[in-house]
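A quick note: this is a predicted structure, and the numbers were derived from the prediction, not measured. Position 1 is the first residue of the sequence, and the numbers go up from there.
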Amino acid sequence: MPSSKTDRQLWALLVPLMVEQLLNSLMGVVDTVMVTTAGSAAISAVSLVDSINVLVINVFSAMATGGAILASQYIGNGNEKKASEAGKQLLLAVLVISVFVMAVFIFFRDGILRIIFGNVEEAVMANSRTYFFITTLSYPFIALYNSAAAIFRADKNSRLPMTISTISNFINIGGNAILIFAFGLGVKGAAISTLASRMFCAFVILIFLNMTRQKIRIGNYLSIRPNVPLILKILRIGVPTGIENGMFQFGKLAIQSTVSLLTTAQIAAHAMVSTLESLSCQAAVGIGLGMMTLVGQCIGAGDDERAVWYIKKLTLFGFFALLISSVVVCALVFPMTYFSRMEEEAAMLAVSLTIWVHVVKPFAWCGSFLPAYGLRAAGDVRFSMLVSMTTMWTCRVAIAMVLIRVFGFGPGGVWIAMASDWTIRSICFFVRFRSRKWLLHKIVK
């Protein structure tokens, strides 16, 4: 359908997205390894608090998704003025919400930590308070960055967010090296590095957004005033996506509580497999983000057939990207278990599970996630939310609990449950895609 020139433009959008996702994941692993040198209380505190932070940041990312989809549809519709207004309202809404959440979390931080984590060791709780307070200050900055980055991507500029994110990651790693190793600040140093990197992201991308010559122009930030109908449109997309992301994180926490009942070797093996599994899908996730931009613009332009074509094409691209990533991960698991000095039992289990997961994953994962990006871009967010929440709790969480707690499957039970979730979700999204009912959810008339 498209020409070779269009294909070059497509890859110009997708490649930076894939690189950004891969680098963020890799830098996250490096960040975790650096924090471990501060001691077990430090890494425990970071791990516990990050489970809250990831949940909150995913909600902000969902709002950014809502604004980006709306802006991309306005661009496809040829209404650049409305696209710019949608970008302004997105920035205003996330700023107000993130500042409110930050204030509530800071004021009630001790109660929140006690309710969620209970009576953990006092050393862990003390580190958690410090890390939670400082990283909570970064909420408005990461929310603004995610929103501004989504605005750039809606206008097919994925290179600038990738560049800023990459520099930010190196600032975070460099800050950790200085504050943890040189000054011995431990958890406080890790939190300050995170805050500094997110402030950098927000300020730089907002400066570029103000200077951009793209279709979406923000202009004077101080002149932005609330446009309630447009904000409600953004929330109409963002809230279901946020609920979906939130339930996904709660499901992961439920599974983690079940995994904690296993032996030390099994927990270590599961942690290694989880890290590698998360890494292997990052390139495909980048393709999914690109799909939202392209499908959103097609829907806004009223070109439903092209939207269908992009979902098919990019899902196929995602399959091959995941296939390559799976082969690389299966090759990496041997040296990773060796250099991390895992016990022989844990290492053997990690290797066998990693290979099993990545034989199944390319065929089950792609259909369960990638078409959903296209459906959301068309405005069909409630269906995606309901399917994802249902399969998460009835397949992933319930089956994992039964297999581990009742039948003693060990960590393999988690991945059997995961594969069942991916498979059922793939079937649901395939049927929805073929029905074309998702094309009826027009946001921009």
Side-chain angles (χ1 to χ4, degrees), residues 55-101 143-144 146-151 153-155 216 218 224-249 288-289 291-302 304 307 311 369 371-390 392 428-429 432-433 435-445:
L55 175 62
V56 174
I57 291 169
N58 277 341
V59 173
F60 296 149
S61 296
M63 284 200 64
T65 298
I69 290 172
L70 187 60
S72 64
Q73 289 201 18
Y74 277 128
I75 289 174
N77 194 244
N79 195 336
E80 296 176 13
K81 184 178 179 181
K82 273 288 190 180
S84 297
E85 184 62 21
K88 293 177 182 179
Q89 297 307 310
L90 172 61
L91 293 174
L92 178 62
V94 298
L95 177 62
V96 172
I97 293 172
S98 61
V99 169
F100 175 76
V101 172
L144 286 170
N146 283 338
S147 299
I151 291 169
R153 293 177 191 130
D155 208 3
I216 301 178
I218 300 301
I224 299 175
R225 296 293 182 269
N227 182 332
V228 176
L230 209 48
I231 291 174
L232 291 176
K233 276 191 175 183
I234 293 171
L235 294 177
R236 176 184 159 193
I237 306 170
V239 168
T241 306
I243 293 172
E244 179 182 342
N245 290 347
M247 288 298 103
F248 184 80
Q249 292 302 319
L289 293 173
M291 184 191 296
M292 283 203 301
T293 295
L294 296 166
V295 172
Q297 291 193 10
C298 291
I299 294 296
D304 292 353
I311 293 176
F369 283 94
Y373 284 102
L375 270 58
R376 292 188 199 104
D380 192 14
V381 289
R382 290 184 182 178
F383 179 83
S384 176
M385 176 190 72
L386 292 173
V387 168
S388 299
M389 287 173 56
T390 302
M392 161 62 77
C428 292
F429 284 126
R432 183 70 166 185
F433 176 73
S435 73
R436 296 200 169 211
K437 290 181 180 179
W438 54 280
L439 290 168
L440 302 177
H441 295 261
K442 305 290 184 182
I443 303 171
V444 177
K445 303 297 183 182

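Remark: R225 pairs with no residue by the salt bridge (charged side-chain N to carboxylate O under 4.0 Å, His left out) rule, at least two apart or across chains. In terms of the side-chain contact (heavy atoms from CB on, under 4.5 Å) criterion, residue partners of N227 (sequence neighbours excluded) are, by chain and number, E85, Q89, P229, L230. For D380, the salt bridge (charged side-chain N to carboxylate O under 4.0 Å, His left out) partners at least two apart in sequence or on another chain are R432. Scored by the salt bridge (charged side-chain N to carboxylate O under 4.0 Å, His left out) test, E244 finds R376 as partners (sequence neighbours excluded). In this view, I97 and F60, M63, V101 satisfy the side-chain contact (heavy atoms from CB on, under 4.5 Å) rule, not counting sequence neighbours. Residues meeting the side chain to side chain donor-acceptor pair (under 3.5 Å) test with D304, sequence neighbours left out: K442. Residues satisfying the side chain to side chain donor-acceptor pair (under 3.5 Å) criterion with S61, sequence neighbours excluded, are N146. By the side-chain contact (heavy atoms from CB on, under 4.5 Å) test, S72 pairs with A154, Q297, sequence neighbours left out. Applying the salt bridge (charged side-chain N to carboxylate O under 4.0 Å, His left out) rule to R382 yields no partners; only residues at least two apart in sequence or on another chain are considered. Applying the side-chain contact (heavy atoms from CB on, under 4.5 Å) criterion to M247, with sequence neighbours excluded, gives I243, F250, M389, W393.
Summarising the geometry of A372 relative to S384, their closest heavy-atom pair is CB-OG, 4.1 Å, with the distance given to 0.1 Å. Nearest heavy-atom pair, I234 versus A86, reported as atom, atom and distance to 0.1 Å: CD1-O, 3.7 Å. Minimum interatomic distance between A62 and T241 (heavy atoms only, all atoms of both residues): CB-C, 3.6 Å. Nearest heavy atoms, C428 versus F383: O-CZ, 3.8 Å.
Atom NZ in K88 sits 11.0 Å away from atom CD1 in I151 (nearest 0.5 Å). Note that CD1 of I224 is 6.5 Å distant from CG of L92, once rounded to the nearest 0.5 Å. Expressed to the nearest 0.5 Å, how far OG1 of T293 lies from CD1 of I75 amounts to 8.5 Å. S84 contributes atom OG, which lies 11.5 Å from atom OH of Y74 (distance to the nearest 0.5 angstrom).
Looking only at side-chain heavy atoms (C-beta outward), L70 and L90 stay at 4.5 Å or farther from each other. By the 4.5 Å heavy-atom criterion applied to side chains, F429 and F369 are not counted as neighbours. N245 is not listed as a side-chain neighbour of V59, based on a closest heavy-atom distance of 4.5 Å or more. For the pair L439 and I299, the minimum side-chain heavy-atom distance is below 4.5 Å.
At least one donor-acceptor pair under 3.5 Å links the side chain of S98 to the backbone N or O of L95.
When I237, L375, V239 are each tested for a side-chain contact (heavy atoms from CB on, under 4.5 Å) with V381, only one passes: I237.
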